[in-house]
Protein chains: 2
Amino acid sequence: MDERVPRDFETLRATILERRQSLPKRIAQIAAYALDNPDDIAFGTAASIAASAGVQPSTLIRFAQQLGFDGFTSLQLVFRERLRERNSSYDERLAALRAKAEEGAGHRAIFDGFVAASSTSLNDISGRLNEDHFEDAIALLAKAETIYVLAKRRSYPVASYIAYALGKLKIRNQLIESAAGLNAEMISFASPRDAVIAISFSPYAPAAIEEARVISEQGVPIVAITDSSFSPLAQFAKVWFEVAEADFAGFRSLSATMALAMALTVAVGEKRRDAGRKRKA
Amino acid sequence: MDERVPRDFETLRATILERRQSLPKRIAQIAAYALDNPDDIAFGTAASIAASAGVQPSTLIRFAQQLGFDGFTSLQLVFRERLRERNSSYDERLAALRAKAEEGAGHRAIFDGFVAASSTSLNDISGRLNEDHFEDAIALLAKAETIYVLAKRRSYPVASYIAYALGKLKIRNQLIESAAGLNAEMISFASPRDAVIAISFSPYAPAAIEEARVISEQGVPIVAITDSSFSPLAQFAKVWFEVAEADFAGFRSLSATMALAMALTVAVGEKRRDAGRKRKA
DNA sequence: GGCAATATGAAATAATAATTCCAATCCATA
DNA sequence: TATGGATTGGAATTATTATTTCATATTGCC
């Protein structure tokens, strides 16, 4: 007990991670369990925790001792303290954030700001998603041969995630990228039997708008995700969604757009699976 | 024990308030204490709580019995459960949505699921961001000549957003992409005066890990965003963040990672501005 | 492959904590 | 103010739980 014993959870966590390599098998097992189920450690008895983790109570005590505690009980105190702090400070933290962000102080405030912006955006979209539009968009995309994904600059991350997800769902798709300068050719392959997911927010990237125009003139239906009815994207789209992302420090959140994009993608995948099943039956 | 015993904290609270008038003095005393210090009830022992409340342990037990519990222990369980639920209410909501989606309950459920997964992730990260690590990461990145951004597959959208934001903030950066197959060369330019933001989640893309290894061997400091202490990325990183993203329908949310990434980026921008101002003054 | 050091399992033991019991006190009512 | 019932305090008892111990197994090393 003369060594410096971790007194708060974060230190404890760090200590465990640091020593992980050198811990014996069973001790490592309980170490992993502790980090995964901190609540169980906080409330359980040595016997119950040991059983859940698949070890003997004595191992649990040895684990505590290796960390410098004099027994399981003192180790448990750290886990309990963590729960206490977490719950008591939540409301206070939220109030403090607003004040802090106002006076532009501290990096933590920046982080909290982005979290708040994301939460706000999610909260907002969950209340105003138009379900009819959503169904229309899914139907439209589900019958497409190839789904083209079109987005530039700020929206590009969303496009790349859609492309990734479509790929994982084995849905043919094409991300319209500008690297090789072959976008025009890529677009020219699109036919009315395909479909496009286009994403653009103010200030609308000119390239994205132009490509959307061209592709819609080829008769390819477009599902658009954009930020207002005045968006140039909306006029080219068969179906469009309005997503209002909150911003912080000059950067808008992408969380609502991401959530909508993922939902569209997965719903399309599901619809296709159902259609395939029906065709067989 | 045949009466209906309060099984959740809210019911218990209501019951206590209702009967408050008719309770004997000492019992009322412990009742007031319980509502004022629910955490103490959750964590303490009968003796310690009784002492804090200024009563005898036996009174505490009588109090529990008057409420219909068969002893202090069962009363305490309600207080403990309350602490647990505080943390897991989002999780439960998410679990309910997952179950719904499983049984094929409409496309709206899919959308709600992704929104819930994102909210959960944000909620989670806001409580467990390590501020010291955060500051370390900012300091490390702020003094880098070039910031390299490394992420593959699912994490790639985050990387592309970071690159976009760094660009807007006029911070020199290089996204390590695989399109042209020149990654090795790109990486070889990195020096210890640069820094890397690397992002990878289980199952870790082998290319990402390998590139992180090489670049760290060149002495370039790495800031990693990953999902567990067992991540191979963690071992190469100077600073690393654990982000637990909730998943839905097989796709994990990116919202927490995005929020952290944006906060890092903007904070680095701010730190550089401050440093520049100081130099001039 | 054999030996020492280390780790683990299981049961015995010690410690701690909950509960019960009974005498003392309080309080309302006659 | 006397009396019965309810309430309370505090110690005794019982239970639960943590810890220790020791025999057995495993691991690393020569």
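Quick note on labels: first sequence line is chain A, next is B, and so on, each numbered from 1.
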K.L.:
What pairs with B:Ala261 under side-chain contact (heavy atoms from CB on, under 4.5 Å), at least two apart in sequence or on another chain?
P.N.:
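Partners of B:Ala261 by the side-chain contact (heavy atoms from CB on, under 4.5 Å) criterion, ordered by chain and then number, come out as B:Val158, B:Ile162.
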K.L.:
So do B:Asp39 and B:Phe79 actually touch side chain to side chain, heavy atoms under 4.5 Å?
P.N.:
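Not in contact.
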K.L.:
Not counting sequence neighbours, which residues clear side-chain contact (heavy atoms from CB on, under 4.5 Å) with B:Arg7? List them please.
P.N.:
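B:Arg7: no side-chain contact (heavy atoms from CB on, under 4.5 Å) contacts found.
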K.L.:
Can the ring centroids of B:Tyr156 and A:Tyr164 be said to lie less than 6.0 angstrom from one another?
P.N.:
no
K.L.:
Give the rounded distance in Å between these two atoms: CD of A:Gln76 and P of D:dT17.
P.N.:
11 Å
K.L.:
Would you mind reading off the distance between B:Phe63 atom CZ and D:dT7 atom P, rounded to a whole angstrom?
P.N.:
15 Å
K.L.:
Thinking salt bridges, do A:Arg13 and B:Glu242 make one under a 4.0 Å N-O criterion?
P.N.:
yes
K.L.:
Without placing hydrogens or testing angles, list every side-chain donor-acceptor pair under 3.5 Å for residues 133-149 of chain B, not counting sequence neighbours.
P.N.:
{"unit_1": "B:Glu135", "atom_1": "OE1", "unit_2": "A:His107", "atom_2": "ND1", "d": "3.0"}
{"unit_1": "B:Glu135", "atom_1": "OE2", "unit_2": "A:His107", "atom_2": "ND1", "d": "3.3"}
{"unit_1": "B:Glu145", "atom_1": "OE2", "unit_2": "B:Arg193", "atom_2": "NE", "d": "3.0"}

K.L.:
Need two values: the first and the last nucleotide of DNA chain C, 5' to 3', having an atom under 4.0 Å from any heavy-atom of chain A.
P.N.:
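Endpoints of the contacted stretch of DNA chain C: C:dA7 to C:dA10.
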K.L.:
Across the strands shown, which category fits B:Leu60 at heavy-atom distances under 4.0 angstrom: base, sugar-phosphate, nothing?
P.N.:
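Nothing, no heavy atom under 4.0 Å.
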K.L.:
Going by ring pair (Phe, Tyr, Trp, His ring centres under 6.0 Å), name the pairs with one or both residues in residues 191-226 of chain B, residues two or more places apart or in two chains.
P.N.:
none
K.L.:
Whether B:Asp8 and B:Arg82 form a salt bridge (side-chain N of Lys/Arg under 4.0 Å from carboxylate O of Asp/Glu) is what I want to check.
P.N.:
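Salt bridge absent between B:Arg82 and B:Asp8.
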K.L.:
Are there any protein N/O atoms within less than 3.5 Å of an N/O atom in nucleotides 19-26 of chain D, and if so, which ones and at what distance?
P.N.:
{"unit_1": "D:dT19", "atom_1": "OP2", "unit_2": "A:Phe72", "atom_2": "N", "d": "2.7"}
{"unit_1": "D:dT20", "atom_1": "OP2", "unit_2": "A:Gln65", "atom_2": "NE2", "d": "3.4"}

